[in-house]
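These notes concern the structure reproduced below.
Proteins get letters first, then strands, A, B, ... in listed order; numbering begins at 1 in each.
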Number of protein chains: 2
Amino acid sequence: MHLQSVEVSQSPEEKFREYLASRPRAQRFTEQQRDMVNYIFSKHNHFDADSLIEDMKREGFQVSRATIYRTLNKLVDAGLLRRLDVGPRMYYEHDYGYPQHEHLVCQRCHKMIEFQSPAIEDVVRDVCRDHLFHFEGHSFVIRGVCNECNRARMTKSRLDLV
Amino acid sequence: MHLQSVEVSQSPEEKFREYLASRPRAQRFTEQQRDMVNYIFSKHNHFDADSLIEDMKREGFQVSRATIYRTLNKLVDAGLLRRLDVGPRMYYEHDYGYPQHEHLVCQRCHKMIEFQSPAIEDVVRDVCRDHLFHFEGHSFVIRGVCNECNRARMTKSRLDLV
DNA sequence: ATTCTTGCAAAGCCTTTGCAACTGC
DNA sequence: GCAGTTGCAAAGGCTTTGCAAGAAT
């Protein structure tokens with residue numbers, strides 16, 4: 001179901017501490033931040049700020065909306081999370097320890113399916129070279145309806161005919 | 001600079017009228033809508049709602065924010081415009097009479113550079129087939145810094161060294 | 001002790017919407 | 001004249017932020 005993880009030498013928590021310590025003015029590592037990093041990296045999910053808040057609260061963690069947003073931004077800066085700018089809200093996913101990939105997004109159930117494509121990496125490299133464009137990142141999203149939702153729809157329309 | 005246009009048999013205005021007339025309950029074609037269609041298709045630009053309002057007002061057209069938003073949605077439904085979900089606001093570009101393409105987005109000057117890539121079309125087709133995914137659309141955005149901004153930056157840093 | 005983080009609520013930003021007046025057909 | 005459109009201002013949805021209290025180093 002998931003793509004294969006990449007070898008990493010530090011835990012996400014260690015990597016985040018290192019990032020915080022390396023800032024021009026050292027930033028602090030708090031309990032809530034530690035809980036967030038560990039919670040996020042204990043799962044492999046695409047998530048948004050709201051569902052993270054809801055899930056962590058349900059599991060008994062102390063989290064506030066403002067701190068979630070602030071820490072998510074730091075985690076993106078630190079290279080631990082990737083931001084997926086798809087639709088009206090931001091989604092996040094593991095960056096650290098997880099390979100570059102692209103997404104299929106189902107417009108009915110909002111599931112995200114990951115896939116890897118060397119061909120796309122090639123296109124990115126060639127296009128940036130041709131345009132003397134300094135690459136910083138890319139996002140590739142295919143929108144549509146996943147197999148399950150499609151089957152549900154077909155079953156329903158067959159029933160409608162009866 | 002631009003990609004080559006595609007042959008079309010109707011004017012954008014005609015195509016929009018046809019779309020409006022074909023709705024379950026026929027919708028009306030108003031003066032402000034006509035002005036918008038003609039204004040938008042008289043230029044080739046990526047634009048957002050705000051800049052469209054500003055530009056049209058500057059050229060003496062009567063436009064209101066609510067109507068701009070409402071009409072942009074209709075133009076997307078009608079297949080005249082494509083919506084580019086990049087960054088915090090929506091951008092729009094011609095769909096009718098313009099070929100499918102992808103974008104490089106400069107993070108300094110926000111310029112969008114278009115490019116076409118058959119390889120990407122192939123990847124889309126293959127991936128959707130493999131995942132039994134019903135394709136509805138895709139978006140591919142490469143983020144980075146364009147050549148001009150890069151040169152400006154390099155010139156500046158050279159000056160800084162003096 | 002100092003400086004950063006937190007949490008609340010308020011503000012910001014973009015987009016949508018309720019409603020009364022208006023207008024295309 | 002009916003049904004859809006407009007324009008205003010208000011509301012909505014998501015994210016950021018000012019500030020006073022609290023915590024990390």
Side-chain angles (χ1 to χ4, degrees), chain A residues 13-14 16-39 46-57 60-78 81-92 110, chain B residues 13-14 16-39 46-57 60-78 81-92 110:
Chain A
E13 183 180 324
E14 284 165 343
F16 190 45
R17 297 183 93 113
E18 192 173 89
Y19 163 83
L20 292 172
S22 73
R23 305 274 70 200
R25 346 183 137 203
Q27 297 189 331
R28 288 166 193 172
F29 187 62
T30 65
E31 187 181 335
Q32 192 175 158
Q33 290 173 341
R34 176 170 49 65
D35 288 347
M36 275 183 67
V37 176
N38 291 331
Y39 185 86
H46 299 91
F47 61 91
D48 60 16
D50 240 37
S51 64
L52 180 62
I53 293 166
E54 204 180 296
D55 293 350
M56 288 189 71
K57 279 196 173 153
F61 291 103
Q62 151 64 20
V63 292
S64 89
R65 183 166 302 276
T67 301
I68 289 276
Y69 275 105
R70 282 190 275 236
T71 305
L72 284 173
N73 286 337
K74 292 186 184 187
L75 290 171
V76 170
D77 279 353
L81 295 181
R82 267 190 288 263
R83 210 193 294 275
L84 300 176
D85 178 6
V86 56
R89 59 173 124 296
M90 283 308 182
Y91 283 82
Y92 297 87
H110 303 111
Chain B
E13 182 180 325
E14 284 165 343
F16 189 45
R17 298 184 93 113
E18 191 173 88
Y19 163 82
L20 291 172
S22 73
R23 305 274 69 200
R25 348 182 133 205
Q27 297 188 331
R28 287 165 194 171
F29 187 62
T30 65
E31 187 181 335
Q32 192 175 158
Q33 290 173 341
R34 176 170 47 66
D35 287 346
M36 276 183 66
V37 176
N38 292 330
Y39 184 86
H46 299 91
F47 60 91
D48 59 16
D50 241 37
S51 63
L52 179 62
I53 293 166
E54 204 180 296
D55 293 350
M56 289 189 70
K57 279 196 172 151
F61 291 103
Q62 150 66 19
V63 292
S64 89
R65 183 165 302 274
T67 301
I68 288 277
Y69 275 105
R70 283 192 274 237
T71 306
L72 284 173
N73 286 338
K74 292 187 183 187
L75 290 170
V76 170
D77 279 354
L81 295 180
R82 267 190 287 262
R83 210 193 293 275
L84 300 177
D85 178 5
V86 57
R89 60 174 124 296
M90 283 308 181
Y91 283 82
Y92 297 87
H110 303 111

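Between B/Phe47 atom CZ and C/dC14 atom P the separation is 16 Å, expressed in whole Å. Taking atom CD1 of B/Ile68 as the reference point, atom P of C/dT17 lies 17 Å away to the nearest angstrom. With rounding to whole Å, A/Leu52 atom CG is found 15 Å from D/dC14 atom P. In this structure, CG of A/Asp85 is placed 10 Å from P of D/dT15, rounded to the nearest angstrom. Computed from coordinates, the B/Asp48 CG to C/dT16 P distance equals 13 Å when rounded to whole Å. Taking atom CG of residue A/Leu75 and atom C1' of nucleotide C/dT5, one finds them 14 Å apart after rounding to whole Å. Rounded to whole angstrom, the span from the CZ atom of B/Phe16 across to the C1' atom of D/dT5 amounts to 12 Å. The CD atom of A/Gln62 sits 13 Å away from the C1' atom of D/dA23 (whole-angstrom rounding).
Here C/dC4 is the nucleotide among C/dT6, C/dC4, C/dT15 with the atom lying nearest to any side-chain atom of A/Arg25. Each of C/dT6, C/dT15, D/dT5 was ranked by its minimum atom distance to the side chain of A/Gln32; first place goes to C/dT6.
Counting any heavy atom pair closer than 4.0 Å across all strands shown, B/Arg89 reaches sugar-phosphate atoms only and no base atom. Within the 4.0 angstrom heavy-atom criterion, base atoms lie near A/Arg70. Residue-level contact check: B/Asn73 touches the backbone only, with heavy atoms under 4.0 Å from sugar-phosphate atoms and none from bases. Among the atoms of the strands shown, none is found under 4.0 Å from any heavy atom of A/Glu31.
Atom CZ of residue B/Arg17 and atom CZ of residue B/Phe29 lie 5.0 Å apart, to the nearest 0.5 angstrom.
For A/Tyr69, no side-chain nitrogen or oxygen approaches OP1 or OP2 of D/dT16 to under 4.0 Å. Here A/Gln27 does not reach the OP1 or OP2 of C/dT3: none of its side-chain N or O atoms lies under 4.0 Å away. Side-chain nitrogen and oxygen atoms of B/Arg28 include none within less than 4.0 Å of the OP1 or OP2 phosphate oxygen of D/dA3. One finds no side-chain N or O of A/Thr67 lying less than 4.0 angstrom from the OP1 or OP2 phosphate oxygen of C/dT5. In this structure, A/Thr30 does not reach the C/dC4 phosphate: none of its side-chain N or O atoms is under 4.0 Å from OP1 or OP2.
Position along DNA chain C of the nearest nucleotide to B/Arg65 versus B/Phe29 favours B/Arg65 as the more 5'-ward residue.
A/Tyr91 and A/Arg83 share no side-chain donor-acceptor pair at under 3.5 Å. The closest side-chain donor-acceptor pair between B/Arg65 and B/Tyr69, if any, does not fall under 3.5 angstrom.
A 6.0 Å sphere centred on CD of A/Glu14 holds more than 12 heavy atoms belonging to other residues, nucleotides or ligands.
The two residues B/Gln33 and B/Arg28 come nearest to each other via the heavy atoms OE1-O, 2.8 Å.
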